[in-house]
There are 2 protein chains.
Amino acid sequence: MTREALRPGRREEILKAAGELFGSRGYHATGMRELAQALELRGSSLYAHIEGKEELLWAIVDRAAAAFTTAANEVPDYLPPAERLERLITAHLRVIFRQLDHAAVFFQDWVHLSTERRREMVARRDEYQQRFRRAVEDGVADGSFQVEDPGVATLIVLSALNFSYQWYDAAGPLDPERLARAYARTLLDGLRSRHHAAAGGKE
Amino acid sequence: MTREALRPGRREEILKAAGELFGSRGYHATGMRELAQALELRGSSLYAHIEGKEELLWAIVDRAAAAFTTAANEVPDYLPPAERLERLITAHLRVIFRQLDHAAVFFQDWVHLSTERRREMVARRDEYQQRFRRAVEDGVADGSFQVEDPGVATLIVLSALNFSYQWYDAAGPLDPERLARAYARTLLDGLRSRHHAAAGGKE
DNA sequence: CCTACCGATCGGTAGG
DNA sequence: CCTACCGATCGGTAGG
């Protein structure tokens, strides 16, 4: 039941400003008047474009989740496990690096969604994690990886990726593509079987 | 200027409850009355034991930071780099796993400290990270590690560790010591030189 | 998109 | 540790 009012694209501007504020200060530390001020509006004027504060949070989190899924969908299932995991890793990081604000909100504020929406996000996140886990398991099965517990290995990999929103600086000196490759190399090597690891080290 | 009032140990109880609430709901989403209720008190009664909400946050964050530093201090500098990093990793994880609530507050709510206290925490965190970075650099120097950029490698390692507070469940099936070892093995192998990686794989 | 206004809740104090 | 109370701010609505 969104209003879809007056100025076209206004809602997008609000989402952008909200992403920046929620991402840096946090959802509950950001007031609606503060958000309005960033857009040179009165607090009450926001409600012509949005339903409420939580709907705003949902819009941002939902988009971020969709961006992750879309990026992962471009990694074909038929790729050999190691290459598949590498592609999943770099795709995941690209989403974080390119939409740092939204990623920050996604990772740190999704808990503040309503129970129902939070439940939905958990389900989507679990499904997404399964793609990583399958790549790890398939790699164990075909001998390219060697890990005690594929579930734990998956969590280690995703943890390494997800915390990057805390320190990655788009204005900093680190090239996102190089960084993504360094990530993938380190994490892949961490999972690699001992005998495989000795081979293939060209670069 | 702490009051240090009436019931002895009452302040500890407050810190414990605050750790749980801030850790699960977040600092700004937790009200002082909510905290009081968890202790079967009126909101105003808290102020006999604490100076204010932010001082409470500071107490928790400061303790968590001290716990990390103390644990790292027990890892001798003279250890060979790979073993040193391994010990730093497991020590770091033990702190997180044993004080999950405080770790959660530390990682997600330190940004809500006052400017001055936030600055101090950044300085202490940077100093702490240097220990990890030196271990990585020393490992590169002596040939046990092979990484493009030691700073980036350090961030990858610490990211993998720090995000664990989001999913680790003390009541779950994962044994913290085994988990810490799996972490260390995966991350160490990720940094290892190709020719070294082939050796030493007993377990 | 504004002015005017709402009830609820916030962290915190006074005084006992 | 309580009752009583404070000003400020919260998200949000009415009505134009």
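Letters A, B, ... are given to chains in the order of the sequence lines, protein chains preceding strands, and every chain is numbered from 1.
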For B/E13, does the CD atom have more than 12 heavy-atom neighbours from other residues, nucleotides or ligands under 6.0 Å away?
yes

Crowded around A/Q37 CD? As in, over 12 foreign heavy atoms under 6.0 Å?
no

Please tell me which of the listed nucleotides, D/dC1, C/dC1, C/dG12, lies nearest to the side chain of B/K53?
C/dG12

Write down the distance between [atom1] ([X]) and [atom2] ([N]), rounded to a whole number of angstrom.
{"X": "B/E55", "N": "C/dG12", "atom1": "CD", "atom2": "P", "value": "10 Å"}
{"X": "B/L46", "N": "C/dC10", "atom1": "CG", "atom2": "C1'", "value": "14 Å"}
{"X": "B/I14", "N": "D/dC1", "atom1": "CD1", "atom2": "P", "value": "8 Å"}
{"X": "A/F22", "N": "D/dG11", "atom1": "CZ", "atom2": "C1'", "value": "11 Å"}
{"X": "B/E51", "N": "C/dG11", "atom1": "CD", "atom2": "P", "value": "17 Å"}
{"X": "B/H112", "N": "C/dG11", "atom1": "NE2", "atom2": "P", "value": "13 Å"}
{"X": "B/R42", "N": "D/dC6", "atom1": "CZ", "atom2": "C1'", "value": "18 Å"}
{"X": "B/H49", "N": "D/dC2", "atom1": "NE2", "atom2": "C1'", "value": "13 Å"}

Within the structure shown, what part of the strands sits under 4.0 Å from B/L41 by heavy-atom distance: base, sugar-phosphate, or nothing?
sugar-phosphate

Are any of the side-chain nitrogens in [X] or [Y] under 4.0 Å away from the carboxylate oxygens of its partner?
{"X": "A/R181", "Y": "A/E86", "answer": "no"}
{"X": "A/E137", "Y": "A/R133", "answer": "yes"}
{"X": "A/R25", "Y": "A/E34", "answer": "yes"}
{"X": "B/E12", "Y": "B/K16", "answer": "no"}

Which pair of non-hydrogen atoms, one from B/I60 and one from B/G19, has the smallest distance, and what is that distance?
CD1-N, 3.7 Å

D/dC2 phosphate, OP1 or OP2, under 4.0 Å from B/S44 side-chain N/O:
no

Residues from residues 26-40 of chain A lying under 4.0 Å of DNA chain C - heavy atoms:
none

Can you tell me which residue pairs pass the side-chain hydrogen bond (donor to acceptor under 3.5 Å, both in side chains) test with a partner in residues 160-173 of chain B, sequence neighbours excluded?
A/S159-B/W167, B/H92-B/N162

Stems formed with participation of DNA chain C [Watson-Crick or G-U wobble, under 3.5 Å, three or more pairs]:
C:1-16 with D:1-16

Between A/E54 and A/R117, is the salt bridge (Lys or Arg N to Asp or Glu O under 4.0 Å) condition met? List the steps.
CA-CA 10 Å; A/E54 207 244 8; A/R117 285 170 164 167; 2.5 Å; yes

